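Encoded as structure tokens, the structure appears first; notes follow it.
These numbers come from a predicted model, not from an experiment.
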Amino acid sequence: MCGGPTDAVATRLRSTCEILTNDVSSGRPADTNLNASLELFPEDFLAAYSGKRPEWVVTSPPYSRALTFVKAAMSLATKGVAFKMPIFFLEPCADRGGWLQTNPPSVCVFLRRAKYTRANNAKTGEFWGVWYPQEMSCRNRTRLVFCPE
């Protein structure tokens, strides 16, 4: 998981499971400060945790590097990954269109548009994309869930 121990996702899940946090910024409190956008991240993560793989990776990655984060998470997670991302991640752009075609999310939970800061007047459409790495036989079946509130 990316983010620190006070991250909203970590705070919400802490009572239900063991939480391991990671944030590339060494100035933020986290269990590790590894760069999840680097190709060697999975190996660095396994080295930092003595080969322990997370069951789930849950995060909201930097939008510009979301695909790299999803790929790294899928190589580590034993049960699945859940990423909160902008809806435009699902657009079949040159950098991810082919990958999405062969690795569509198993579940897409669409959220209402959020407005995060006063300075940013644009509202961003987001969704939680869920991938199950071990579910190779169920590819190309995406369940859509809409949460208007």
Side-chain angles (χ1 to χ4, degrees), residues 1-39 41-42 45 49 53-149:
M1 183 178 125
C2 295
T6 59
D7 178 84
V9 174
T11 302
R12 184 71 173 208
L13 295 177
R14 187 165 316 287
S15 66
T16 64
C17 59
E18 177 185 10
I19 301 291
L20 304 174
T21 61
N22 178 67
D23 196 302
V24 70
S25 173
S26 60
R28 295 187 181 158
D31 297 319
T32 56
N33 298 108
L34 304 171
N35 187 341
S37 67
L38 297 178
E39 191 174 312
F41 173 75
F45 182 92
Y49 290 104
R53 292 182 178 274
E55 289 182 356
W56 282 89
V57 176
V58 180
T59 191
S60 179
Y63 294 167
S64 64
R65 294 177 295 204
L67 180 60
T68 304
F69 275 64
V70 172
K71 287 178 178 180
M74 286 181 65
S75 74
L76 287 169
T78 60
K79 292 191 177 177
V81 301
F83 278 44
K84 185 177 80 168
M85 296 188 284
I87 291 174
F88 65 75
F89 179 82
L90 295 172
E91 294 174 358
C93 301
D95 67 333
R96 62 184 173 264
W99 186 86
L100 282 168
Q101 187 171 8
T102 57
N103 300 280
S106 300
V107 180
C108 289
V109 179
F110 294 94
L111 310 172
R112 66 184 169 132
R113 289 184 178 260
K115 183 177 178 182
Y116 290 105
T117 64
R118 187 181 286 211
N120 181 4
N121 290 326
K123 292 185 176 184
T124 302
E126 296 176 313
F127 78 105
W128 278 94
V130 179
W131 286 263
Y132 298 105
Q134 76 278 9
E135 193 178 280
M136 301 302 178
S137 64
C138 293
R139 288 192 176 175
N140 296 322
R141 292 187 203 162
T142 300
R143 181 173 174 229
L144 305 179
V145 180
F146 298 92
C147 298
E149 294 299 319

Problem set entry | Nearest non-hydrogen partners of Thr59 and Trp128, listed with the distance | O-CZ3, 3.8 Å
Exercise. Considering only heavy atoms from C-beta outward, does the side chain of Tyr132 approach that of Lys79 to under 4.5 Å?
Worked result: no
Problem set entry | Tyr49 versus Thr21, closest heavy-atom pair with distance | OH-O, 3.7 Å
For this session: Indicate yes or no: at least one non-hydrogen side-chain atom of Leu67 is less than 4.5 angstrom from one of Phe89.
Result: yes
For this session: Give the minimum heavy-atom separation between Ala72 and Ala36, together with the two atoms involved.
Result: CB-O, 4.2 Å
Problem set entry | Heavy-atom side-chain proximity of Leu13 to Trp56 below 4.5 angstrom | no
Exercise. Within a strict 4.5 Å, meaning less than it, do heavy atoms of the Arg96 and Val70 side chains meet?
Worked result: no
For this session: Evaluate the side-chain proximity of Val57 to Phe69: yes if any heavy-atom separation is below 4.5 Å, no if none is.
Result: no
Problem set entry | Check: Pro105 and Leu90 side chains under 4.5 Å, non-hydrogen atoms | yes
Seminar exercise, completed: For Asp31 and Ile19 the tightest heavy-atom approach is OD2-O, 3.7 Å
For this session: Kindly indicate whether the side chain of Leu100, heavy atoms from C-beta on, has any atom under 4.5 Å from the side chain of Pro92.
Result: no
Seminar exercise, completed: The side chain to side chain contact (heavy atoms under 4.5 Å, CB included) partners of Pro86 (sequence neighbours excluded) come to Tyr63, Phe88, Thr124
Problem set entry | Flag, side chain of Arg53 to backbone of Ser75, donor-acceptor distance under 3.5 Å | yes
Exercise. Between the side chain of Asn33 and the main-chain N/O of Asp23, is any donor-acceptor distance below 3.5 Å?
Worked result: yes
Exercise. Say you draw a straight line from CZ of Phe45 to CG of Leu20; how long is it, rounded to the nearest 0.5 Å?
Worked result: 5.0 Å
Exercise. To the nearest 0.5 Å, how far apart are CZ in Arg65 and NZ in Lys71?
Worked result: 15.0 Å
Exercise. Sub-3.5 Å donor-acceptor pair from the side chain of Trp131 to the main-chain atoms of Asn103, do we have one?
Worked result: yes
Exercise. Closest approach of Asn35 and Phe41, non-hydrogen atoms and distance?
Worked result: O-CB, 3.5 Å
For this session: For residues Lys84 and Ser60, report the shortest heavy-atom separation together with the two atoms involved.
Result: O-OG, 3.1 Å
